[in-house]
Protein chains: 2
Amino acid sequence: MKYIDKLRNSGLRPTKQRLQICEVLFNTERTFHFTINELEQKIKDKIDNKISLATIYNTVHAFEKKGYLKQIPVNSNQTYFDTNITDHHHFYNLKDGKLIDLENSDVGPINIKRKIDGKKIKSIEVLVKLED
Amino acid sequence: MKYIDKLRNSGLRPTKQRLQICEVLFNTERTFHFTINELEQKIKDKIDNKISLATIYNTVHAFEKKGYLKQIPVNSNQTYFDTNITDHHHFYNLKDGKLIDLENSDVGPINIKRKIDGKKIKSIEVLVKLED
DNA sequence: TTATAGTTTATAATGGTTCTAAATAGCTGT
DNA sequence: ACAGCTATTTAGAACCATTATAAACTATAA
């Protein structure tokens, strides 16, 4: 299995549940955005056995900590994640709550001129809100 | 009172509670960021009578809809608001969850090269996450 | 195989936010 | 000033995403 090493290498035991979640998240043509509820549904559709909601939360957080997923900063009652972990930005369609990737080249370089003592920049994220 | 007209002009009745919340939010030297809980505390400190939590939520949402407050897109369990409604961006200190304003001039112009059919850009917000 | 630490699970608990419905208070026309 | 109407406030309940709990299970290394 191709995800076993990935998990082992990052100190996560390759359990059946994690491997199945890897299939759903990473064995895809394209990257995608999701909330936990959407992921839960996707898992139900693609997997025979049940994976508990707690495990889905645990796994998503574990994967995010390891850098296999990114959280997207949006104002919503649910947390949005992205399987696209490259440096990029988002359109946010206010009407339906859907996200669209914006390649870095679609935004151009962002140069933060101000520095904060003793802190370093972990990420720079641009959110472009869309309305009709 | 200086806030009575502001409220009337935007179709909001100038009630005692709203005027008091205006004082806390807008009668300040500097703009500031807050969560509802922090605002509730500030109100308790500055106002004699009690304002119910539901009213605080109602008022903040009413003010946001009228454009007197802005929501800041951050991943947190609480919603962050800003009394600075000018076009600007934020540092987000992951350690303590505090925000710092980034003037537009500190970030430089952002040029979104991609367009989405039938949609127009409502806002462009940059979040710069800080770590130690 | 066995011991151990890591993982999964159902379920309960938490906590921010929204809803409800009754009481109160602005507002408009008279 | 008053009546009537609608907006607003309020306490408390409800909601719902997320996190905690603690017991059962499992991967792993010796």
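Within every chain, numbering begins at 1; the chains are lettered A, B, ... in the order of the sequence lines, protein sequences first and strands thereafter. These values consider heavy atoms only, across backbone and side chains, with no hydrogens, waters or symmetry-generated copies.
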A/Phe32 six-ring centre to A/Lys42 NZ/CZ under 6.0 Å and within 45° of normal
yes
| field | Ring-face cation of A/Lys6 near A/Tyr68 (centre distance under 6.0 Å, axis angle within 45°) | value | yes
In whole Å, what is the span from the [atom1] atom of [X] to the [atom2] atom of [N]?
X       : N      : atom1 : atom2 : answer
B/Ile51 : C/dT24 : CD1   : P     : 18 Å
A/Glu38 : D/dC16 : CD    : P     : 16 Å
B/Arg13 : C/dC27 : CZ    : P     : 6 Å
B/His61 : C/dT18 : NE2   : C1'   : 9 Å
A/Leu7  : D/dT26 : CG    : C1'   : 15 Å
B/Asn77 : C/dA13 : CG    : C1'   : 15 Å
A/Arg8  : C/dG6  : CZ    : P     : 16 Å
B/Asn49 : C/dT24 : CG    : P     : 16 Å

Inspect the contact between B/Lys46 and B/Glu40 and indicate whether a charged nitrogen and a carboxylate oxygen are less than 4.0 angstrom apart. no
All heavy atoms of A/Phe26 vs all of A/Tyr3, minimum pair found to be C-OH, 3.3 Å
*Hey, does B/Thr79 reach any base, or is it just sugar-phosphate, or nothing, if we go heavy atoms under 4.0 Å?*
sugar-phosphate
| task | Mind checking A/Asn37 for me? I need base, sugar-phosphate or nothing, with any heavy atom below 4.0 Å counting as a touch. | result | sugar-phosphate
Between B/His90 and B/His88, what is the ring plane arrangement, given parallel below 30°, perpendicular above 60°, and tilted in between?
-> perpendicular
[N], OP1 or OP2 - any side-chain N/O from [X] closer than 4.0 Å?
X       : N      : result
A/Gln17 : C/dT9  : yes
B/Tyr57 : C/dT17 : yes
A/Thr55 : C/dT9  : yes

5'-most contact on DNA chain D (nearest-nucleotide basis), A/Lys16 vs A/Leu53, goes to A/Leu53
Heavy-atom nearest nucleotide on DNA chain C taken for A/Leu12 and for B/Thr15; more 5' hit belongs to A/Leu12
